Amino acid sequence: MSIRSVDLQILFSKTSDVERAQQIQQQHDRVVQQQVTDENVAKKVAQQTQVVSTPRPEGGRIEERPERRRGRRRGRERPAPAPQQPPQPPPLTPDPLGKGKIDIRI
């Protein structure tokens, strides 16, 4: 297939239009990609600096009050319970025969 000179002149003049359209499209694609990247970076920075709120507790209200305040309300104060000591084992007595005792329970 041969191209006439007139057709070649028309095609040649249109190549600059096509080239310009492709450059504009490529530039637009680059701008859109840069905007997406900038938005992602901004979201990431915001997530790193934002304090995550704690979930609100559900259910009843719990209050801790000092023991003194509770005792006055009842009209008396409770004494602090004495610490319990573990029971002491009975003292060992020496065997009169001089032999040791071995206590084995099955």
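When reading the values below, keep in mind they use all heavy atoms of this one structure, side chains included, and skip hydrogens, waters and symmetry mates. Because the structure is a prediction, the values reported are computed rather than measured.
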* Residues in side-chain hydrogen bond (donor to acceptor under 3.5 Å, both in side chains) with Gln25, at least two apart? -> Asp29
* By salt bridge (Lys or Arg N to Asp or Glu O under 4.0 Å) - contacts of Arg30 (at least two apart) -> none
Donor-acceptor pairs under 3.5 angstrom involving side-chain atoms of residues 13-22: please list them, not counting sequence neighbours.
unit_1 : atom_1 : unit_2 : atom_2 : d
Ser13  : OG     : Gln9   : O      : 3.4
Ser13  : OG     : Ile10  : O      : 2.8
Thr15  : OG1    : Phe12  : O      : 2.5
Ser16  : OG     : Ser13  : O      : 3.1
Asp17  : OD1    : Arg20  : NH2    : 2.9

* Structure fact -> side chain to side chain donor-acceptor pair (under 3.5 Å) pairs touching residues 38-50, sequence neighbours excluded, are Gln34-Asp38
